[in-house]
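All figures in this text were calculated on a predicted structure; none of them were measured in a lab.
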2 protein chains.
Amino acid sequence: MRDAGEESAPLSRIQRMNRERILDAALDAFSERGFSGATLDRIAEIAGLSKPNLLYYFASKEAIHAALLTELLETWLAPLAQLDPEGHPRAELLAYVSRKLRMSRDMPRESRLFASEIFQGAPRLGDTLAGPLKRMVDDKAAVIARWQAEGRLTPDLDPHHLVMSVWALTQHYADFEVQARAVLGPERDPWAEAEGFLAAFYGRVLAR
Amino acid sequence: MRDAGEESAPLSRIQRMNRERILDAALDAFSERGFSGATLDRIAEIAGLSKPNLLYYFASKEAIHAALLTELLETWLAPLAQLDPEGHPRAELLAYVSRKLRMSRDMPRESRLFASEIFQGAPRLGDTLAGPLKRMVDDKAAVIARWQAEGRLTPDLDPHHLVMSVWALTQHYADFEVQARAVLGPERDPWAEAEGFLAAFYGRVLAR
DNA sequence: ACAAATCTTGACCGGATGGTCAGGGGGAAG
DNA sequence: CTTCCCCCTGACCATCCGGTCAAGATTTGT
């Protein structure tokens, strides 16, 4: 039961490896089937470990889930954090869209895990959403508002909603990939087209 | 076992009422917890019926889920179906956004149910997505493409992606409502602001 | 009012699932 | 090489959950 929270001992080589395998397998399972739909047996199978062995590294199924979410949040905030207050408004925002889209494309499992959690009322992320996440968005929204006040960006779009629109559009390609593929047909590749579309889309939105 | 598919007998008053109560309760449960997370006991409790009684009206948990999805699809396609090829391009598209947003606002449970299904690879909707849904979108995309060819709409936005952007943005407010509330803070109402924001947003996107 | 059909339920079942435990293996320090 | 501790596992358990069933309650048609 050496799980959770503050590690005191510095994790052996074998511990690091197995924790990694477990978390990766769990990400597969949770993102595909949701928390309830994922079973410890399935996670163990994907990880190539025995079920009791999972529970040697993590106290419970919930603990695995919690570990994934905690790890995820740092990653998820990164693209927005990089928005540079001193940069060129339009270029900065377009670069942000591009980063966020790339992240959704490269980490669809993480995207779905995050979404699933929000769907269920974010029981485990509630505080983090209202805390660090809100602070980060407030911070960047203030930057955007300043750009607007300086006349360097259209003033008629609320900054908070503008940021959320980026989340919505980029996550959509990850979370609803099946739908996008169905609608576009087997010949077209959603991801390949998404970048160009979003660039043109936000190009128009952000035009002076 | 009088469930599923084509009804032959015309459903008694009490049958209609109980089926309705069950489906409504199931919508609550499925949209909150996903398919695996929702239990028959919980659905029965919400519906105010006994579990065996549920299974008198529906053959199985899956049958309830399937009934919900089937019913949902017609509703979900309606706003797009109303897009009028003979109307004014910009006005038609803005009206579509407005209708879709209103539907997400008034039917968040349905929105989440739909999203959950897509998340899991749409095992039950796969064919419908590639069939009726794709046809509908292709149809409307052709209308938009015609508008673009006629010079009545900016030509540099792919019609299919444009439609999907509406889905992404409107569903976001429903599916991620918890997140939106957290980010905006307790004082602000996401839904109240969404309409104005999306109007301004698409106003710019669709400007000539 | 009576019988037939419909509706409802408590009790129960088998399998899946999260979690436990006592003990066996294997690597690292000496 | 040995020892000790970390690592691992088969077997097992309690609970939950979807689903069944036989019998009782209610409604409906006449």
For the pair made of [atom1] in [X] and [atom2] in [N], what is the distance, rounded to whole Å?
X: A:Ile43; N: C:dT17; atom1: CD1; atom2: P; answer: 11 Å
X: B:Arg42; N: D:dC16; atom1: CZ; atom2: P; answer: 15 Å
X: A:Leu54; N: D:dT9; atom1: CG; atom2: C1'; answer: 12 Å
X: B:Tyr57; N: C:dT6; atom1: OH; atom2: P; answer: 12 Å
X: A:Ile64; N: C:dT17; atom1: CD1; atom2: C1'; answer: 13 Å
X: B:Met17; N: D:dT27; atom1: CE; atom2: P; answer: 11 Å
X: A:Arg33; N: C:dA16; atom1: CZ; atom2: C1'; answer: 14 Å
X: B:Asn53; N: D:dC21; atom1: CG; atom2: P; answer: 17 Å

For B:Ser165, all residues meeting side chain to side chain donor-acceptor pair (under 3.5 Å), sequence neighbours excluded: B:Tyr202
Partners meeting side chain to side chain donor-acceptor pair (under 3.5 Å) with B:Gln171 (sequence neighbours left out): B:Trp76, B:Asp175
5'-most by nearest nucleotide on DNA chain D - A:Leu49 or B:Ile14: A:Leu49
Partners meeting side-chain contact (heavy atoms from CB on, under 4.5 Å) with A:Glu193 (sequence neighbours left out): A:Leu184, A:Arg188, B:His161
Between the first and last five pairs of the helix from C:dA1-D:dT30 to C:dG24-D:dC7, the angle of the axes, rounded to 10 degrees: 20°
[X] side-chain N/O to [N] phosphate OP1/OP2 under 4.0 Å:
X: A:Gln15; N: D:dC6; value: no
X: B:Asn18; N: C:dT8; value: yes
X: B:Tyr56; N: C:dT8; value: no

Side chain to side chain donor-acceptor pair (under 3.5 Å): pairs with one or both residues in residues 129-143 of chain A, sequence neighbours excluded: A:Lys134-A:Asp138, A:Asp138-A:His160
Rounded distance (nearest 0.5 Å) linking atom CG of A:Leu157 with atom CG of A:Leu206: 7.5 Å
Lys/Arg-Asp/Glu bridge criterion (N-O < 4.0 Å) met for B:Arg16, B:Glu20: no
Main-chain N/O of A:His172 paired with A:Glu177 side-chain donor or acceptor, under 3.5 Å: no
Pairwise salt bridge (charged side-chain N to carboxylate O under 4.0 Å, His left out) hits with a residue in residues 73-87 of chain B, at least two apart: none
For [X], what residues pass the salt bridge (charged side-chain N to carboxylate O under 4.0 Å, His left out) criterion, not counting sequence neighbours?
X: B:Arg124; result: B:Glu62
X: B:Asp41; result: B:Lys51
X: A:Glu195; result: none
X: B:Arg109; result: B:Asp24, B:Asp28

Distances for protein N or O near nucleotides 18-20 of chain C N or O, under 3.5 Å:
| unit_1 | atom_1 | unit_2 | atom_2 | d |
| --- | --- | --- | --- | --- |
| C:dG18 | OP1 | A:Ala38 | O | 3.3 |
| C:dG18 | OP1 | A:Lys61 | NZ | 2.9 |
| C:dG18 | OP2 | A:Leu40 | N | 2.8 |
| C:dG18 | N7 | A:Lys51 | NZ | 3.1 |
| C:dG19 | OP2 | A:Lys61 | N | 2.8 |
| C:dG19 | O6 | A:Lys51 | NZ | 3.2 |

Summary of protein contacts for nucleotides 25-30 of chain C, nucleotide by nucleotide, where a base hit scores B, a sugar-phosphate-only hit scores S (4.0 Å, heavy atoms): ---S--
